[in-house]
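Heads up, the thing below is written out as structure tokens.
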Protein chains: 2
Amino acid sequence: MGTRKQSSTYTRNEKLIINCNMSYAVHVIGGRWKLLLLDKIRKGTSRYSDLKKEFSYISERMLTLQLKSMEQDGLIIRNVFAEVPIRVEYTLTPAATELIPILDLLSTWGSKQRALQGDNS
Amino acid sequence: MGTRKQSSTYTRNEKLIINCNMSYAVHVIGGRWKLLLLDKIRKGTSRYSDLKKEFSYISERMLTLQLKSMEQDGLIIRNVFAEVPIRVEYTLTPAATELIPILDLLSTWGSKQRALQGDNS
DNA sequence: CGGGATCCAATTTGATACTG
DNA sequence: CAGTATCAAATTGGATCCCG
């Protein structure tokens, strides 16, 4: 019984996901803003309004969708505080925490590769 | 002076790529079939017609586009043999080879995570 | 054989307005 | 504050036909 229903990037041809765990991982982190959000949350910015301020160029709709997708994929936990102005904070799951060092490797590779390829600012 | 011009997944808001090398890496490998192709090429299947046969469910258009994008991003090299029936083989670049172990980590993480999340085959 | 070009469908993203 | 809902625009993917 999967919790995941929608939020799937590739709904039609899931062969990709079925036979490749790499692709699954990339699928999970591959949303347009997910890595950026993951990085911010990891570094302590956890509140919805703060993320919204930080990434003013991301539409609220996308912000919400990506966060929701990450929540469904077990990357983040959504904590709701029933205060007077409601407060929502996001924290990383253990799975996401395990992912961080791998993402750092990707980051290193990426910067090296960009240098080689020639950056188009 | 960038060799890359098109083939960009996100043409409008490149802020993402500008301030996040992780995102760049994911961008480079994030194409729908790229990881699958990378994996095959890595394992020795390098000829266009073989890839086409292997991934019969990928349209030729996509196969070509993804290969071209990977070539532009410095992941693979396209070797053309001017024989009678023309032959084209693809090989990994050193950069792609460096990427492989990182992808393996992602694969491991992915399979673990899928088990936790409950797979919806 | 190894694509390229064209046309069309599916999916994703964005802008804006509204709500508990 | 923290989202939803709705509609439109941009991007991506697929089918088919053509070419050196």
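Residue numbering restarts at 1 for every chain, and letters A, B, ... go by the order of the sequence lines. Reckoned from all heavy atoms, side chains included, excluding hydrogens, waters and symmetry mates.
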Quiz item: Separation of A/Lys68 atom NZ from D/dA5 atom C1', in whole Å?
Solution: 12 Å
Quiz item: Taking atom C1' of D/dT4 as reference, at what distance in whole Å does atom OH of A/Tyr48 sit?
Solution: 10 Å
Self-check item: Spacing between A/Lys52 atom NZ and D/dG3 atom C1', to the nearest angstrom
Solution: 8 Å
Quiz prompt | Nearest-nucleotide pick for B/Thr64, side chain only, options being D/dA2, C/dG4, D/dG13 | solution = C/dG4
Quiz item: What integer distance in Å separates A/Arg32:CZ from D/dT11:P?
Solution: 9 Å
Quiz prompt | Rounded distance [0.5 Å steps], CD1 in B/Ile41 versus CG in B/Leu92 | solution = 6.5 Å
Quiz prompt | OP1 or OP2 of C/dG3 under 4.0 Å from side-chain N/O of B/Tyr90 | solution = yes
Exercise. Compare the minimum distances between each of D/dG14, D/dC1, C/dG14 and the side chain of A/Ser59, then state the nucleotide with the smallest one.
Key: C/dG14
Exercise. Take atom CG of B/Leu65 and atom C1' of D/dT12, then tell me their distance rounded to the nearest Å.
Key: 10 Å
Exercise. Report the nucleotide, chosen from C/dG2, D/dA2, C/dG14, that has the shortest atom-to-atom distance to any side-chain atom of A/Trp33.
Key: C/dG14
Quiz item: Does a salt bridge link B/Arg42 with B/Asp104, judged by any charged N lying under 4.0 Å from a carboxylate O?
Solution: yes
Quiz item: Looking across every strand, which nucleic acid part, if any, lies under 4.0 Å from B/Glu83 by heavy atom: base, sugar-phosphate, or nothing?
Solution: nothing
Quiz item: Would B/Glu89 and B/Arg78 pass as an ion pair if we require N to O under 4.0 Å?
Solution: no
Exercise. Report the distance from atom CG of A/Asn79 to atom P of D/dA2, rounded to the nearest whole Å.
Key: 12 Å
Quiz item: Any side-chain heavy atom of A/Trp109 within less than 4.5 Å of one from B/Asn21?
Solution: no
Self-check item: Presence of B/Arg78 side-chain N/O under 4.0 Å of C/dG3 phosphate oxygens OP1/OP2
Solution: yes
Quiz item: Any idea which of D/dG3, D/dG20, D/dA5 is nearest the B/Ile86 side chain?
Solution: D/dG20
Exercise. Check the distance between D/dG14's P and B/Phe55's CZ and give it to me in whole angstrom.
Key: 14 Å
Self-check item: Touch class at under 4.0 angstrom, heavy-atom based, for A/Phe81 against every strand present
Solution: nothing
Self-check item: Distance, rounded to the nearest Å, where A/Glu71 contributes CD and D/dG3 contributes C1'
Solution: 13 Å
Quiz item: Salt bridge or not for A/Lys52 and A/Glu54, using N-O below 4.0 Å?
Solution: no
Quiz item: Looking at B/Arg61, does any N or O in its side chain come under 4.0 Å of the phosphate oxygens OP1/OP2 on D/dT12?
Solution: no
